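Let me begin by presenting the structure, written as C-alpha cells, before commenting on it.
Throughout, numbering of the chain's residues begins at 1 and tracks the sequence. Worth saying up front: this structure is predicted, and the values here are computed from it rather than measured.
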Amino acid sequence: MAGFMGALVVLCLVVVATVPAFGKDYTVGDSQGWTSGVDYSTWASGKVFKVGDSLLFTYSGLHSAEEVSKSDYDSCSTSNALQTHTDGNTKISLTAPGSRFFICGTAGHCASGMKLAVTVAKASSASPPTGSSPTTPTPSGGSSTSPPSTPNSPSPPGPAGGKSAAGFSGFRGGDAVVLGGLIGLGLVVMG
C-alpha cells in the first residue's frame, strides 16, 4: 500500500509541475505560413498569446524570420536583429510576458507588410490585454493595428543561438502526464 501511495504522490507532482507546459502552438499565418501577401496584424488580432505558447514560422528559402526591437520593427531594419532564422521551419517559444517583434529580412518584404508584432500575456491570464491598439502606417497609406509596445524587451536567444533545438522545447504537457503515469506504474510494480 505504501508503494501505491508513493506512486500516486509522484504522479500528482508530475501533473502539477506540467500545467505550464500546456502551451499552444500557433502557426504564423495559419495555412499560408510566413510569406508575402498575408495581413499578419489581422492574423494576430483576437489571439491571446501566453507564456508557454510557441510561434511556428513556416517559409520558403526566399524569406527569413528575424526577431527585432520595436524601433527596428517600425523601420523594417534587420541591422540589429536579436535573432535570425533561415531554416524554413522556425519555432519561437514565448518565454516571458511582453511584446515581441518579427520581420522578414528579405529586402522590401517587411515594408510590404511581412511583419508580426505579438503581445505575450502571463500564462495565468485568461483574457487579452486591455487597451486600444495603436495604428501603424501600411505601404498603401492606410493603417493597420499592431499590439502596443511594453518596456519589456524580447527574450534573448536560447542555448541554440535562437535556432530551434531538439529537447524539452518539444516536450508537451500530455507527454509529461504519460511519463508520470509510467513512473508511477513502475514504482507500484517495484514497490
Side-chain angles (χ1 to χ4, degrees), residues 23-158 162-164 169:
K24 182 170 181 166
D25 291 337
Y26 291 93
T27 299
V28 175
D30 296 322
S31 62
Q32 293 177 308
W34 183 239
T35 190
S36 301
V38 177
D39 183 346
Y40 293 102
S41 293
T42 299
W43 175 82
S45 68
K47 291 178 175 61
V48 179
F49 302 100
K50 297 179 184 176
V51 170
D53 291 345
S54 297
L55 298 175
L56 179 61
F57 290 82
T58 55
Y59 50 97
S60 71
L62 299 173
H63 305 294
S64 65
E66 306 205 19
E67 185 166 6
V68 295
S69 67
K70 169 76 166 116
S71 61
D72 286 344
Y73 171 86
D74 290 339
S75 64
C76 289
S77 172
T78 60
S79 61
N80 297 310
L82 303 170
Q83 296 184 58
T84 298
H85 305 276
T86 57
D87 61 359
N89 194 33
T90 302
K91 186 174 185 177
I92 305 288
S93 296
L94 303 177
T95 58
S99 295
R100 305 277 297 264
F101 304 94
F102 304 92
I103 63 175
C104 179
T106 303
H109 288 198
C110 174
S112 297
M114 198 169 166
K115 57 199 278 184
L116 171 67
V118 298
T119 300
V120 182
K122 293 179 183 174
S124 61
S125 177
S127 61
T130 58
S132 61
S133 296
T135 59
T136 55
T138 60
S140 62
S143 64
S144 64
T145 60
S146 63
S149 176
T150 63
N152 296 342
S153 60
S155 301
K163 304 292 185 217
S164 296
S169 65

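- In terms of the side-chain hydrogen bond (donor to acceptor under 3.5 Å, both in side chains) criterion, residue partners of S71 (sequence neighbours excluded) are, by chain and number, S69.
- The heavy-atom pair separating G33 from V38 by the smallest distance is O-CG2, 4.3 Å.
- Without hydrogens or angle criteria, T90 side chain to H85 main chain gives no donor-acceptor distance under 3.5 Å.
- Across all their heavy atoms, S93 and R100 have their closest contact at O-NH1, 3.5 Å.
- Residues satisfying the side-chain hydrogen bond (donor to acceptor under 3.5 Å, both in side chains) criterion with S77, sequence neighbours excluded, are S79.
- Across all their heavy atoms, H109 and H63 have their closest contact at ND1-ND1, 3.0 Å.
- Annotation: side-chain hydrogen bond (donor to acceptor under 3.5 Å, both in side chains) contacts of D30 (sequence neighbours excluded): W43.
- Pairs engaging residues 27-87 under the disulfide (SG to SG under 2.5 Å) rule: C76-C110 [sequence neighbours left out].
- Once rounded to the nearest 0.5 Å, the distance linking CG of D53 with NZ of K47 reads 11.5 Å.
- Applying the ring-ring contact (aromatic ring centres under 6.0 Å, His included) criterion to F102, with sequence neighbours excluded, gives F57.
- Rounding to the nearest 0.5 Å places CG of L116 at 12.0 Å from OH of Y26.
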Between T58 and N89, is the side-chain contact (heavy atoms from CB on, under 4.5 Å) condition met? List the steps. CA-CA 5 Å; T58 55; N89 194 33; 3.3 Å; yes
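- In terms of modelled atom types and a separation under 3.5 Å, the side chain of W34 and the main chain of G29 share no donor-acceptor contact.
- The CZ atom of F101 sits 10.5 Å away from atom CG of L82, with the distance rounded to the nearest 0.5 Å.
- For S60, the side-chain hydrogen bond (donor to acceptor under 3.5 Å, both in side chains) criterion is met by no residue, not counting sequence neighbours.
- P97 approaches A121 most closely through the heavy-atom pair CB-C, 4.3 Å.
- Atom CG of residue D72 and atom OG1 of residue T78 lie 8.0 Å apart, to the nearest 0.5 angstrom.
- When all heavy atoms of L55 and V28 are compared, the closest pair comes out as CB-CG2, 4.0 Å.
- In this structure, G105 and E66 approach most closely via the heavy-atom pair CA-OE2, 3.5 Å.
- Of the possible polar contacts, none joining the S54 side chain to the K91 backbone as a donor-acceptor pair under 3.5 Å is found.
- Side-chain atoms of D25 and L56, non-hydrogen and from C-beta on, never get closer than 4.5 Å to each other.
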